[in-house]
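Contents: one structure, followed by commentary.
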2 protein chains.
Amino acid sequence: MAVTLHDVARRAGVSIKTVSNVINDRPNVGNTTRALVQAAVEELGYTPNLTARGLRSGRKGALALAVPDLALSYFAELAAAVIETAEAAGVVVLIEQTGASRDREIALLKSPRLNMTDGLIFSPLGMGQEDVEALRVDYPLVVLGERVFDAPTDHVTMHNVAGARAATDHLFSLGRRRIAVVGAHAGEVVGSAGLRLAGYREALAAAGIPFDEDLIGYSELWHRADGANAMRELLSRGVAFDAVFGLNDTLALGAMRVLQEAGRRVPQDVAVIGFDDLDEAPYAIPSLSTVDPGRGWIARTAVGLLLQRIESGGGDAVPQRHLADFRVVARESTVAR
Amino acid sequence: MAVTLHDVARRAGVSIKTVSNVINDRPNVGNTTRALVQAAVEELGYTPNLTARGLRSGRKGALALAVPDLALSYFAELAAAVIETAEAAGVVVLIEQTGASRDREIALLKSPRLNMTDGLIFSPLGMGQEDVEALRVDYPLVVLGERVFDAPTDHVTMHNVAGARAATDHLFSLGRRRIAVVGAHAGEVVGSAGLRLAGYREALAAAGIPFDEDLIGYSELWHRADGANAMRELLSRGVAFDAVFGLNDTLALGAMRVLQEAGRRVPQDVAVIGFDDLDEAPYAIPSLSTVDPGRGWIARTAVGLLLQRIESGGGDAVPQRHLADFRVVARESTVAR
DNA sequence: GTGAAAGCGCTAACAG
DNA sequence: CTGTTAGCGCTTTCAC
């Protein structure tokens with residue numbers, strides 16, 4: 001290996017600078033020289049050393065994406081979209097898992113590992129409002145989600161409140177009135193759990209239905225098993241309900257599973273709606289109604305924003321906030337009885 | 001930003017070499033000097049420039065993982081395990097998606113993008129035996145799966161044939177005899193589809209049951225929708241069957257969905273088994289029986305092997321082949337009637 | 001035990 | 001239009 005610019009230059013009988021110019025197709029190079037160099041590149045099988053280029057130019061051609069856990073479908077699908085978009089721009093993606101731990105999230109933000117990249121797309125789950133300062137970093141950063149407000153960085157996020165409200169309204173439109181929630185985080189205000197719960201409460205208030213704490217199922221994480229456990233607890237509590245709002249699809253699927261184990265028919269006895277519109281939602285049994293939060297748009301916007309920040313040398317343009325469109329996707333789990 | 005070794009050296013009143021020695025905790029440095037340097041590092045908030053280190057030492061501290069598509073749960077879960085293992089070794093993971101395209105896979109193998117990393121863990125899906133030569137690369141490479149045999153590289157793979165045979169035997173043990181297959185690839189021999197189908201045929205042969213082409217459902221890809229489509233086609237063909245072997249869990253889940261839409265009860269009318277033991281398999285309705293192919297072990301072994309190759313300077317030790325243990329996981333979708 | 005100097009492969013001035 | 005010359009920040013001989 002180790003074919004360098006020098007080798008190509010020697011072979012083509014030109015200077016290393018000219019080769020560099022051809023590689024980065026810069027304008028000021030004669031056509032014959034260009035062809036000569038290109039031939040040499042072919043013959044020698046030259047491929048630029050990205051590390052050296054990165055060291056010299058400061059541009060690494062890589063971005064980092066930090067998510068809680070790739071095994072969570074939502075983040076896997078998000079990552080797939082981010083990688084696809086980045087690849088189209090000739091940028092590679094390095095993935096970090098934080099395990100939704102506040103400490104690991106904060107540690108990651110100042111990790112030397114990041115200096116292999118030009119910037120970070122960060123989806124925090126453990127950090128909160130009190131950690132705003134940790135987001136004041138000296139590299140391009142785009143934050144996904146709404147755990148932290150008034151952060152000094154670009155945000156791309158979804159309509160958590162409005163989406164949750166629409167999901168709840170959808171259940172109301174079927175005539176359901178006792179709507180259980182699965183996946184709430186005790187005391188949380190910011191963050192997807194808090195915001196979606198707020199949307200649920202807004203819908204309740206607008207419909208004149210009192211909020212009933214007994215209908216709220218809590219869980220730390222949002223794995224399928226957490227949805228199942230929360231539903232088991234809800235059932236064992238003996239409260240009556242005719243619908244369930246899973247704060248995400250994974251929770252909803254876990255809950256749906258337990259409901260059916262317990263002999264409750266979905267949607268006849270209990271209607272179920274989730275949030276995320278995972279690829280698998282249409283294939284659940286029954287197919288799962290949900291809120292499509294515009295994941296693809298979010299990925300594309302986040303990558304675009306980050307690349308733009310990188311391009312502009314991280315100038316301190318005023319932080320932007322982008323919101324994806326959402327829509328309720330009605331499937332079998334919320335068919336009217 | 002941009003605190004360099006020089007800055008630390010100046011602050012500590014020592015030479016840059018000494019600082020470097022402390023950072024990489026090399027032995028030959030006095031205790032007082034070491035403390036002095038460490039203090040300076042703290043104060044200045046020095047973090048090493050990994051790009052420069054990579055350029056100089058040749059070690060980038062990164063590895064690439066190439067999979068067909070992160071949105072496929074199997075690969076998402078595999079990637080999660082690889083990242084976790086790599087992180088424990090202080091190595092970051094860069095993910096490439098090939099879309100299961102042969103051309104993109106081959107292109108990736110010689111992509112300059114890879115020289116940001118020390119090596120590649122490669123899970124091909126489009127390449128075949130005729131592409132062995134493309135695997136003869138000059139960087140450490142570990143191949144996952146069995147699309148290519150006699151390759152000049154390390155392999156980590158699963159017992160596709162034996163696992164599939166065990167899955168089929170499990171269905172036999174329930175008294176099922178007409179076992180449909182979902183997700184076969186026409187004419188494929190190597191590759192997961194071909195091997196798992198071979199395992200199915202082995203089980204058939206051992207049980208003295210003739211192979212019936214009518215029971216084989218084909219699909220190009222292994223998305224949920226492909227399993228659903230293959231099952232729809234199988235049903236429309238009107239052949240009788242009392243069990244289904246999904247060549248992976250995703251296919252099985254898609255097929256199960258269609259079966260129930262069509263009024264076939266699982267497992268009473270049709271037993272269903274998959275392959276992969278995805279996180280979601282226990283939460284399907286009914287919970288999905290499957291083959292656990294040892295995904296975690298595969299990830300750990302692949303990372304270990306790659307790091308070892310990298311460590312040893314890519315010496316041409318003889319290619320190794322590692323096989324994970326598997327086991328059949330019986331759940332509700334294959335309960336005896 | 002520590003310092004000085006060279007150079008990894010590339011880009012970016014600045015000349016010519 | 002093309003060549004020369006410095007480094008980017010680090011590790012690594014080789015002296016001391």
Side-chain angles (χ1 to χ4, degrees), chain A residues 1-38 40-41 44-62 112-118 138-139 310-311 313, chain B residues 1-38 40-41 44-62 112-118 138-139 313:
Chain A
M1 197 79 206
V3 178
T4 77
L5 276 188
H6 286 95
D7 300 325
V8 178
R10 201 173 316 121
R11 173 65 152 249
V14 300
S15 94
I16 150 180
K17 172 60 164 95
T18 303
V19 180
S20 173
N21 281 339
V22 173
I23 301 295
N24 301 285
D25 41 38
R26 248 178 279 275
N28 39 348
V29 144
N31 277 328
T32 35
T33 326
R34 161 163 279 127
L36 208 62
V37 171
Q38 268 156 352
V41 166
L44 267 40
Y46 170 77
T47 106
N49 180 320
L50 268 19
T51 306
R53 180 181 285 177
L55 176 58
R56 181 63 244 223
S57 70
R59 282 288 301 273
K60 327 290 189 327
R113 302 153 67 91
L114 289 181
N115 69 21
M116 258 186 263
T117 67
D118 295 317
D138 54 8
Y139 49 83
I310 292 168
E311 212 71 51
Chain B
M1 196 71 193
V3 178
T4 77
L5 276 187
H6 285 97
D7 300 326
V8 177
R10 200 174 315 120
R11 173 65 152 250
V14 298
S15 94
I16 149 182
K17 170 62 162 93
T18 304
V19 180
S20 173
N21 280 338
V22 173
I23 301 294
N24 301 285
D25 40 37
R26 250 178 277 277
N28 41 347
V29 97
N31 277 326
T32 34
T33 327
R34 161 162 279 125
L36 209 63
V37 170
Q38 268 156 353
V41 166
L44 267 40
Y46 169 76
T47 105
N49 180 320
L50 267 19
T51 306
R53 181 180 285 176
L55 176 58
R56 185 62 245 227
S57 70
R59 282 288 300 271
K60 328 288 189 330
R113 301 154 66 94
L114 289 180
N115 70 19
M116 256 187 264
T117 67
D118 295 317
D138 54 7
Y139 49 83

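For clarity, every value in this text was computed on a predicted model and none was experimentally measured. So you know, we letter chains A, B, ... as the sequences are listed, proteins then strands, and number each from 1.
Near DNA chain C, defined here as any heavy-atom distance below 4.0 Å, the residues from residues 15-26 of chain B are B:Ser15, B:Lys17, B:Thr18, listed numerically. Of all the residues in residues 51-59 of chain A, A:Ala52, A:Arg53, A:Arg56 reach under 4.0 Å from DNA chain C with at least one non-hydrogen atom.
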*Hey, mind stepping through A:Asn49 and A:Thr4 against side chain to side chain contact (heavy atoms under 4.5 Å, CB included) and telling me if it holds?*
CA-CA 8 Å; A:Asn49 180 320; A:Thr4 77; over 6 Å; no
*Could you please spell out the steps behind the side chain to side chain contact (heavy atoms under 4.5 Å, CB included) verdict for A:Leu5 and A:Tyr46?*
CA-CA 8 Å; A:Leu5 276 188; A:Tyr46 170 77; 3.6 Å; yes
*Determine, stepwise, if the pair A:Thr47 / A:Val3 fulfils side chain to side chain contact (heavy atoms under 4.5 Å, CB included).*
CA-CA 7 Å; A:Thr47 106; A:Val3 178; over 6 Å; no
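Distance, B:Leu50 CG to D:dC8 P: 18 Å, rounded to whole Å. Spacing between atom NZ of B:Lys60 and atom C1' of D:dG9 amounts to 16 Å, rounded to whole angstrom units. Between the CG atom of B:Leu5 and the C1' atom of C:dT2 there is a distance of 15 Å, given to the nearest Å. One can place CE of A:Met116 at 17 Å from P of D:dG9, the figure rounded to the nearest angstrom. Between the CZ atom of B:Arg34 and the P atom of C:dG1 there is a distance of 10 Å, given to the nearest Å. Rounded to an integer number of Å, the gap from CG of A:Leu36 to C1' of D:dC1 is 15 Å.
Checking side-chain atoms of B:Asn21 against main-chain N and O of B:Arg26 turns up no donor-acceptor pair under 3.5 Å. Of the possible polar contacts, one joining the B:Asp118 side chain to the B:Gly61 backbone as a donor-acceptor pair under 3.5 Å is found.
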List, one per line, each side-chain donor-acceptor pair under 3.5 Å for residues 50-60 of chain A, sequence neighbours excluded.
residue, atom, partner, partner atom, Å
A:Ser57, OG, A:Arg53, O, 2.7
A:Ser57, OG, A:Arg59, N, 3.1
A:Lys60, NZ, A:Gly58, O, 3.4

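Taking 4.5 Å as the limit, some side-chain heavy atom of A:Val37 sits within range of a side-chain heavy atom of A:Val14.
Contact detail for B:Ser15 and B:Ala9: the closest heavy-atom pair is C-CB, 3.8 Å.
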